[in-house]
Amino acid sequence: MKVIKAISGALLFVERAVVVLLLGAMVAFAFLQVILRNVFATGLLWVDPFLRHLVLWIGFLGASIATQQEKHINIDLVTRFLSPRATNVARVFTNLFAGSICALLSNAGWTFVASERSTGGSLFTIGNMEFASWWFQIIIPVGFGLMSLRFLIRTAEHIIEAFNPTPTVQHTTNVPTLDD
């Protein structure tokens with residue numbers, strides 16, 4: 001369990017650092033573009049598509065972070081009525097399912113990126129330097145791959161928890177359970 005948590009924590013640190021850097025770059029380039037347009041009546045042609053792709057990167061990395069923290073979209077109505085062990089077993093199956101879907105989407109993303117790479121299209125050009133579109137779209141398969149890995153890690157954690165539960169603090173709620 002410690003090894004799994006260490007790997008997950010290291011990955012979380014890297015993801016958060018990249019999100020912070022990308023968000024800082026987005027703010028700086030958006031501010032620069034606003035100043036150039038409003039003060040100097042000009043702008044950089046490549047900034048807008050660059051910012052759109054940074055949003056894509058932040059979205060995928062944020063989704064991976066949300067998956068690690070189990071803050072992603074889920075419907076847990078059923079697990080509110082289950083025992084802790086049954087909840088962990090249910091989460092094993094739901095995480096395996098979600099991880100499988102993300103793995104399939106990652107595979108489809110690799111196919112998409114390979115297609116984009118073979119066409120040789122560029123997203124924008126700065127001077128003599130061309131930036132290929134697939135460089136920025138690589139986050140699609142990587143992002144889904146990260147989420148699939150996160151779901152796999154969560155699956156392992158729930159398997160361990162189902163067979164070796166750790167004591168939890170009881171929280172009082174108004175939601176009825178099977179024990180009531």
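Any value given below was found using the heavy atoms of this structure, including those in side chains, with hydrogens, waters and symmetry copies removed.
The backbone N or O of G99 lies less than 3.5 Å from a partner atom in the side chain of S148, making a donor-acceptor pair. A distance-only check finds a donor-acceptor pair linking the side chain of N95 to the backbone of R91 [under 3.5 Å]. In this structure a side-chain-to-backbone donor-acceptor pair under 3.5 Å is missing from S106 to F144.
Annotation: side-chain contact (heavy atoms from CB on, under 4.5 Å) contacts of T67 (sequence neighbours excluded): H72, M147, R150, F151. With sequence neighbours excluded, the residues that form a side-chain hydrogen bond (donor to acceptor under 3.5 Å, both in side chains) with Q68 are S8. With sequence neighbours left out, F112 forms a side-chain contact (heavy atoms from CB on, under 4.5 Å) with E116, Q137, I140.
Aromatic rings of W46 and F29 (six-membered ring for Trp) have centroids within the 6.0 Å cut-off, being under it.
Scanning all heavy atoms of the two residues, the minimum distance from A162 to N88 falls at CB-CB, 3.8 Å. Annotation for T125 and G127: closest pair CG2-O, 3.3 Å, computed over non-hydrogen atoms. Closest approach of S64 and E15 over heavy atoms only: OG-OE2, 2.5 Å.
Here the side chains of T42 and R37 are not in contact, with every heavy-atom distance at 4.5 Å or above. V89 places none of its side-chain heavy atoms less than 4.5 Å from the side chain of F163. Counting only heavy atoms from C-beta outward, the side chains of Q33 and L36 approach each other to under 4.5 Å. Within the 4.5 Å cutoff, no side-chain heavy atoms of I126 are placed close to those of L44. Proximity of V55 to L51: side-chain heavy atoms (C-beta onward) are nowhere separated by under 4.5 Å.
Note: F136 and F131 have tilted aromatic rings, judged against thresholds of 30 and 60 degrees for the angle between ring planes.
If you take CD1 on I7 and CD1 on I153, they are separated by 6.5 Å, rounding to the nearest 0.5 Å. Remark: H53 NE2 to D48 CG distance equals 12.5 Å, nearest 0.5 Å. From I139, atom CD1 reaches atom CZ of F60 across 7.0 Å, with rounding to the nearest 0.5 Å. Considering CG of L56 and CG of L22, their distance stands at 11.0 Å, rounded to 0.5 Å.
Hydrophobic clustering (side-chain heavy atoms under 4.5 Å, transitive across Ile, Leu, Val, Met, Phe, Trp, Tyr) groups V47 together with F40.
The neighbour count for L104 CG, taken as heavy atoms of other residues, nucleotides or ligands under 6.0 Å away, is above 12.
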Exercise for review: May I have the step-by-step check of side-chain contact (heavy atoms from CB on, under 4.5 Å) for E161 and R85, ending in yes or no?
Suggested key: CA-CA 8 Å; E161 187 67 26; R85 176 173 277 174; over 6 Å; no
Practice item. Take L149 and L11 through the side-chain contact (heavy atoms from CB on, under 4.5 Å) test and state the conclusion after the steps. Key: CA-CA 10 Å; L149 176 64; L11 189 55; 3.8 Å; yes
